Amino acid sequence: MTEIAQNSGAVMAPEVLRVQGLTVSVRSEAGDSPLVQDLSFSLRRGETLAIAGESGSGKSITSLAIMGLLPPPAVRVTAGSVHLGATELTSLPEAQMRSLRGARIAMIFQEPMTSLNPVLTVGAQLTEAIRAHTGASRAEARVQALAALQAVRLSQPERRLQQYPHELSGGMRQRVMIAMALALRPEVLIADEPTTALDVTVQREVLDLLRDLQRDLGTAIILITHDMGVVAEMADRVIVMKSGRAVEEASTAQIFSAPREVYTQDLLAAVPRMGAGKPRDAVGSEVIASLRDVVVRFPLKGGMLGRTTAQVHAVEQVSFDIRRGETFALVGESGCGKSTIAKAMVGLVPHQGRIEIAGQALEGLDRAGTKALRRRVQMVFQDPMAALDPRMTVGDLIAEPLVIHGIGSAVEQRAQAADLMARVGLTADQLDRYPHEFSGGQRQRICIARALALQPDLIIADESVSALDVSVQARVLDLLQALQREFGIAFLFISHDMAVVENISDRVAVMYLGQIVEMGSRAQVFGNPQHAYTRRLIEAVPVPDPSFVRTPAPRLAGEVPSPVHALGQGPVRAQLRDIGAGHLVAL
C-alpha cells in the first residue's frame, strides 16, 4: 500500500482527483431533492480511499457522478466540481467524457454479469475498448487484451478471449471486468462493491489482485463498500457516508481505533467477527430433518438428437440431521451444492437417497402429501424482492400460506398477518403497502414473517443476509435467533460468509464439489479445522482490523475441478488434497 496516509514524513504523491462541494439531486414535481450533499475529498496517485456506509447513503451515486453516468435528466449534478487532474468533469460534453472513461478513469461494477454484453465474447469486448481509445489495429488490440487477462491471472487467457460471459464463473467475470478497467492503465479506478457478490476465497483473490495491480501501475483507487473488513484490509483513508453526507473522514487506523461519530461506531459494532460468537442455547433431541446418502444429478444433453452425454454431480452422498432448536450451517463456495440440497429438502428437485422432515419421508409422496409436508418446512431466499410478488400487498403476501392451506377465516388471516408483522419488528399499519415501499432489510423481515405463518418446524435460510448491510444484517440475525428461542424452530442456514456462520451456528458442514468434506460443532470446525478447504475458507475471511497482518497464502493455480462427468462415470471421491500452488483437487 501507499505511504501517503501511513507515514507523514513520506513524499506526498501527486493529486489525481479532487471532488469539491459535490451535490447530486433528483428532479421531481416538488423540486430538486439532494441525494449527495456538499461532498469534498481528494485522491492521490497510488492511494486507496474507501467510501463506506449503508445502502442509500450516496456511495454509488457519488461514483456515477464522477464517471458522468448519472441517468439524465432526472438525476444530475446541481453544485460542486470534479477535477481529474486539470480537467473538470461535471461540465464536460459527453463525447469528451467518453474519451476519458477507460483511458484515464475507469470503474468496476458490483455485478459483472449485468455489466458485460452477453452476446459478445470477452475478447470482442476487451478489444473494442482498446481500439476505441488507442486506435490500435485488431491484431494489436488482441495482443493487449491477452496481456490484460494475463495480468489479472485468469487461467487459459487465450481460451477466455473466445468465451462468452455466461461461460465464466462469477470470479472469472469479475477478473475480466478488472482487466477491462485496467487495460489502458487509468489514473483512477472506482471499484463499486467489487467483491460483495463473491465467495470469500474468490473475494480474497480479487482483493489481492487489486492490491498487486495498484502497486505495479500506481493507480489510485476509490473503493466503495459496506464491508468494513474489506475497508480495513485495503484502504489508506475512509469516508463514512450517511444520508448523502460525509459524516466522518480519517485514516483507516483512526476510523477503526477511535471513530468519532456514533454512526461509524454502530457500523463497526455490527461487523461479524470471527471468534465473537455467543454461547448458544442447548438444542433439543428431536430430529426435525434427516438426510441419508442424498444424490442430485442434472443431465447435460448434446448432439443432434439431444441425448444425455454427461451429468452435473451437484450433490453426492450427503447425510446429516438437524434437531429442534438447532442452527445447522452449510458453507462453501458457489456451485458446491448448498442450494441444491435446500431445493431437494422441499421437493423442488428430484433426488436419490432418503430425506425425512419431521419423521415423514419425501420419497413417494403424492401431491397432497407434498403440500401437507411443506407446512413443516419453509424457505427464506437471498433476494427478498424477487421472492415477493410486487402486485400483492404485504398483508396478502404474509397471509397467502394460510389461504393456500385453508387455515382460518379472512379476518383471522388478517389478524395473524398483523401479529407476524409485529413479531418481525414492523407494524400492522404497513400491511397494505407493497414490497417496493420497503427497504431491503424490511423486505427480508417480511419474508421471515411469511415463512413463520404456518409455524414450521424447519426454516431454510438460503443466503438470507448476504446482500444486506452489516447493521441490517445484524438486526435480521438477532431476529432469527429470537424467533428460534420463542418457537423452537430449527434452521438450515446456508451461507458462504464464514464470519456470520461462526456467530450464529450450532453445527457446521463444509461442502466442496457436492460433498461434505468436514462436519462438526462450531467450536470444532472453526477452532480446529481438519480439512485444507475449511482452513482456506477461514483464512480468507476479511479481518476488520487495519493492524492485522495476514500470512500470505499460496495462489490458486490451474483449473477448478468440475462437477460435470461423462455419463456412467462414478462420483468424485470425497477425499481432497492440496497440490502445487495451493489448488484443491479431487482424488
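Here the structure is a predicted model, which means the values were calculated and not measured. Along the sequence shown, residues carry numbers from 1.
In this structure, the separation between CG on L149 and CZ on R175 is 11.0 Å, given to the nearest 0.5 Å. The CZ atom of F381 sits 11.0 Å away from atom OG of S464, with the distance rounded to the nearest 0.5 Å. Put simply, CG on L184 and CD on Q144 are 7.5 Å apart, with the number rounded to the nearest 0.5 Å. In this structure, R27 CZ and D32 CG are separated by 6.5 Å, a value rounded to the nearest 0.5 Å. To the nearest 0.5 Å, atom CZ of residue R536 and atom CE of residue M498 are 13.0 Å apart. Between the CD atom of E437 and the CD atom of Q430 there is a distance of 9.5 Å, given to the nearest 0.5 Å.
For D462, the side chain to side chain contact (heavy atoms under 4.5 Å, CB included) partners two or more places apart in sequence, or in a different chain, are S339, M379, I494. Residues forming a salt bridge (Lys or Arg N to Asp or Glu O under 4.0 Å) with R507 (at least two apart in sequence, or on another chain): E326. The salt bridge (Lys or Arg N to Asp or Glu O under 4.0 Å) check on R101 picks up E94, with sequence neighbours excluded. Checked against salt bridge (Lys or Arg N to Asp or Glu O under 4.0 Å), E15 has the following partners two or more places apart in sequence or in another chain: R18. With sequence neighbours excluded, the residues forming a side chain to side chain donor-acceptor pair (under 3.5 Å) with R215 are D212, listed by chain and number. Every residue two or more places apart in sequence or in another chain that forms a salt bridge (Lys or Arg N to Asp or Glu O under 4.0 Å) with R204 is listed here: D208, E233. Qualifying side chain to side chain contact (heavy atoms under 4.5 Å, CB included) partners for D38, counting only residues two or more places apart in sequence or in other chains: none. Residues that satisfy the side chain to side chain donor-acceptor pair (under 3.5 Å) test with T534, not counting sequence neighbours, are E518. Take R98 and apply the side chain to side chain donor-acceptor pair (under 3.5 Å) test, not counting sequence neighbours, and it matches no residue. Scored by the side chain to side chain donor-acceptor pair (under 3.5 Å) test, Q150 finds no partners at all (sequence neighbours excluded). Every residue meeting the side chain to side chain contact (heavy atoms under 4.5 Å, CB included) condition with S115, not counting sequence neighbours, appears here in chain and number order: F109, M177. Listed by chain and number, the residues in a side chain to side chain contact (heavy atoms under 4.5 Å, CB included) with T219 are L182, L189, L217 (sequence neighbours excluded).
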**Request:** Determine, step by step, whether H531 and V510 satisfy the side chain to side chain contact (heavy atoms under 4.5 Å, CB included) criterion, reporting the C-alpha distance in whole Å, the side-chain angles of both residues, the deciding distance to 0.1 Å, and the verdict.
**Result:** CA-CA 9 Å; H531 198 277; V510 181; over 6 Å; no

**Request:** Mind running side chain to side chain contact (heavy atoms under 4.5 Å, CB included) on T87 and Q96 for me, showing each step along the way?
**Result:** CA-CA 11 Å; T87 306; Q96 294 182 42; over 6 Å; no

**Request:** Apply side chain to side chain contact (heavy atoms under 4.5 Å, CB included) to the pair F41 and L22, showing each step before the final yes or no.
**Result:** CA-CA 9 Å; F41 63 85; L22 180 67; over 6 Å; no

**Request:** Begin from the C-alpha positions of V188 and L43 and carry the test side chain to side chain contact (heavy atoms under 4.5 Å, CB included) through to its verdict.
**Result:** CA-CA 9 Å; V188 176; L43 186 68; 4.0 Å; yes

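Enclosure of atom CZ in R260 by more than 12 non-hydrogen atoms of other residues, nucleotides or ligands within 6.0 angstrom is indicated.
The two residues A451 and I459 come nearest to each other via the heavy atoms CB-CD1, 4.2 Å. Nearest heavy-atom pair, M385 versus P435, reported as atom, atom and distance to 0.1 Å: SD-CB, 4.2 Å. Considering every non-hydrogen atom in both A499 and M274, the closest pair reads CA-SD, 3.5 Å. Residues I66 and L89 come closest through the heavy atom pair O-CD1, 3.5 Å. Residues S243 and Q37 approach most closely at O-NE2, 4.1 Å, considering heavy atoms. Nearest heavy-atom pair, R445 versus V424, reported as atom, atom and distance to 0.1 Å: NH1-O, 2.6 Å.
Side-chain contact annotation: R160 with Q163, donor-acceptor N/O pair under 3.5 Å present.
Between E187 and R45, no side-chain nitrogen of the basic residue sits less than 4.0 Å from a carboxylate oxygen of the acidic one, so the salt-bridge criterion is not met. Ion pairing of R273 with D545 is absent here, as no side-chain N (NZ or NE/NH1/NH2) approaches a carboxylate O to less than 4.0 Å.
Within the 3.5 Å criterion, the main-chain N or O of V19 finds no donor-acceptor partner in the side chain of H83. With hydrogens and angles disregarded, a donor-acceptor distance shorter than 3.5 Å links the side chain of K338 to the backbone of G332. Of the possible polar contacts, one joining the R104 side chain to the L84 backbone as a donor-acceptor pair under 3.5 Å is found. T252 contributes a side-chain N or O that, together with a main-chain N or O of A235, makes up a donor-acceptor pair within less than 3.5 Å. Remark: the backbone N or O of F328 is not paired with any side-chain donor or acceptor of D506 at under 3.5 angstrom. A donor-acceptor pair under 3.5 Å links the side-chain atoms of R522 to the main chain of E502, judged by distance alone.
Between E248 and the options Q254, E261, M241, a side-chain contact (heavy atoms from CB on, under 4.5 Å) holds for only E261.
Looking at V152 and L213, their side chains come closer than 4.5 Å, going by heavy atoms from C-beta outward.
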